[in-house]
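Each remark here refers to the structure printed beneath this line.
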There are 2 protein chains.
Amino acid sequence: MENGVANQLNERLATSGLRLTAQRQQVYDVLLQRRDHPTAEEVFIRSKQGSPEISIATVYNCLDTLVKCGLVRQVNLDRSATRYCPNMHEHFHFYCDTCGTIYDIDAPPEGSLPAVQVPKGFTVGHCEISVRGSCPACSAGAV
Amino acid sequence: MENGVANQLNERLATSGLRLTAQRQQVYDVLLQRRDHPTAEEVFIRSKQGSPEISIATVYNCLDTLVKCGLVRQVNLDRSATRYCPNMHEHFHFYCDTCGTIYDIDAPPEGSLPAVQVPKGFTVGHCEISVRGSCPACSAGAV
DNA sequence: ACCTGACATTAGAATTATTCTAAGTATTGA
DNA sequence: TCAATACTTAGAATAATTCTAATGTCAGGT
């Protein structure tokens, strides 16, 4: 498993002439281990457990690299710190206003995700959807 | 027209125990005059033409107030400066990667915006959609 | 008219998230 | 083994925004 991940990471990096380093591995591992959409700061703190020497600049660099390799997605909600998500399936994010948790909501089977219609002439590159509201736990508690 | 706007603004403010001030009026006017999704900085520059004494802190305060009154919407794209939009109809934003223009794309008639489906238990409060790509002008030019 | 208190504005300092810089370290390929 | 390139690091710099404390303004009650 570990090895599979390392290989996948290495492959992706190699195709861009980039190297598999301990830090990149570490940062990616941190993201895979707890898929709770951490900020760069949080990734930094967790990474230090395995790589005590790592610096915050490196964490930013590594996250950037992972995003460029298509292994990680940035999640921006309002103007709070950018969060990072290793789920590359088509999905959108649900932010619970009560508990602050961010949920991945997978696109429904029939690709029915964006019926986003743009007028003639517009070419859609990427489409980002985010939803705020109350998660099941908090919706129930509020009754 | 001017009066209508002032009245609407005043009404909204009054229901929250807030006052209609020259600065709030000025900032709102700036947003209505050119609906090009300016940043706070840009609103500041334009506002100074009518209200040379206005400060950037006041611009931020006024924009905040307008957002809270439901007269203005914040537009966040990536982590660039927040932009402000006085179009309160249901719509989403299209950002042209080539020319940087932000377009308002109005929701299609049958409320068919994306039937964004959330799993049972989730309560949707607000849904934000943004699309990146190439606008008609830039799409045409790139041929 | 004139207080009083709540609401507002202002300049400038502070904060936060992020990026830049410059120096040193590591790895790869010739 | 050497050079070139990629990478990491600490700390400085930047950008956008928020905070602070002082001052200003307005509406309602006396």
Side-chain angles (χ1 to χ4, degrees), chain A residues 6 9-30 37-48 50-69 71-72 74-85 100 102, chain B residues 6 9-30 37-48 50-69 71-72 74-84 100:
Chain A
L9 175 53
N10 193 17
E11 250 173 58
R12 292 287 189 120
L13 290 167
T15 66
S16 310
L18 304 171
R19 295 174 189 157
L20 175 56
T21 66
Q23 291 87 343
R24 285 172 180 170
Q25 177 78 65
Q26 175 70 66
V27 165
Y28 192 39
D29 282 354
V30 161
H37 307 89
T39 62
E41 186 71 25
E42 284 161 349
V43 172
F44 177 49
I45 291 167
R46 293 181 201 170
S47 294
K48 279 199 285 194
S51 311
E53 307 285 77
I54 203 170
S55 81
I56 183 73
T58 298
V59 169
Y60 273 106
N61 289 340
C62 292
L63 289 169
D64 249 44
T65 301
L66 293 173
V67 168
K68 285 192 186 121
C69 287
L71 288 166
V72 164
Q74 290 189 322
V75 181
N76 287 297
L77 287 161
D78 302 322
R79 284 198 56 78
S80 54
T82 299
R83 295 168 175 282
Y84 297 85
C85 174
I102 296 170
Chain B
L9 176 54
N10 193 17
E11 251 174 56
R12 292 288 190 121
L13 290 167
T15 65
S16 310
L18 303 171
R19 293 175 191 154
L20 175 57
T21 66
Q23 291 88 341
R24 285 172 179 167
Q25 177 78 65
Q26 175 69 67
V27 165
Y28 192 40
D29 282 353
V30 161
H37 308 88
T39 62
E41 186 70 27
E42 284 161 348
V43 172
F44 176 49
I45 291 166
R46 294 181 201 170
S47 294
K48 278 199 287 196
S51 311
E53 307 286 77
I54 202 169
S55 81
I56 183 72
T58 299
V59 170
Y60 275 106
N61 289 341
C62 291
L63 289 170
D64 248 46
T65 301
L66 294 172
V67 168
K68 286 195 185 118
C69 287
L71 289 166
V72 165
Q74 290 189 323
V75 180
N76 287 297
L77 286 161
D78 302 323
R79 284 197 57 75
S80 53
T82 299
R83 294 167 175 282
Y84 297 86

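To find a chain, count down the sequence lines: A is the first, B the second, and so on, and within it residues start at 1.
Rounded to whole angstrom, the span from the CD atom of Q25(A) across to the C1' atom of dC7(D) amounts to 16 Å. Rounded to whole angstrom, the span from the CG atom of N61(B) across to the C1' atom of dA21(D) amounts to 14 Å. The separation between L20(A) atom CG and dC7(D) atom C1' is 12 Å, rounded to whole Å. Between the CZ atom of R19(B) and the P atom of dC26(D) there is a distance of 8 Å, rounded to whole Å. Residue Q74(B) contributes atom CD, which lies 15 Å from atom P of dA16(D) at whole-angstrom precision. When rounded to the nearest whole Å, the span between CG of L63(B) and C1' of dT18(D) equals 14 Å. In this structure, CZ of F44(A) is placed 12 Å from C1' of dT8(D), rounded to the nearest angstrom.
S55(B) pairs by the side chain to side chain donor-acceptor pair (under 3.5 Å) definition with T58(B), not counting sequence neighbours. Every residue was checked against the side chain to side chain donor-acceptor pair (under 3.5 Å) condition with N61(B), not counting sequence neighbours, and none meets it. Not counting sequence neighbours, T21(B) has no partner by the side chain to side chain donor-acceptor pair (under 3.5 Å) test.
Atom NE2 in H37(B) sits 13.0 Å away from atom OH in Y84(B) (nearest 0.5 Å). With values rounded to the nearest 0.5 angstrom, L66(B) atom CG is found 8.0 Å from R24(B) atom CZ. Here R83(A) contributes atom CZ and L63(A) contributes atom CG; the two are 13.0 Å apart, rounded to the nearest 0.5 Å.
Looking at R79(B), its side chain does come within 3.5 Å of a backbone N or O of R79(A) through a donor-acceptor pair.
Screening residues 51-66 of chain A for salt bridge (Lys or Arg N to Asp or Glu O under 4.0 Å), with sequence neighbours left out, gives D64(A)-K68(A).
Of the residues in residues 51-60 of chain A, those placing a heavy atom less than 4.0 Å from an atom of DNA chain D are E53(A), I54(A), S55(A), A57(A), T58(A), in numerical order.
Closest to the side chain of C62(A), from the set dC7(D), dT8(D), dT17(D), is dT8(D).
Using a 4.0 Å heavy-atom cutoff across all strands shown, T82(B) reaches sugar-phosphate atoms only and no base atom.
Think of the region where chain A sits on DNA chain C: with heavy atoms and a 4.0 Å cut, that region ends 5' and 3' at dA17(C) to dT27(C).
Side-chain contact check for Q26(B) and S51(B): at least one donor-acceptor pair (N or O, by modelled atom type) lies under 3.5 Å.
R24(A) has a side-chain polar atom (N or O) that falls below the 4.0 Å cut-off from OP1 or OP2 of dC7(D).
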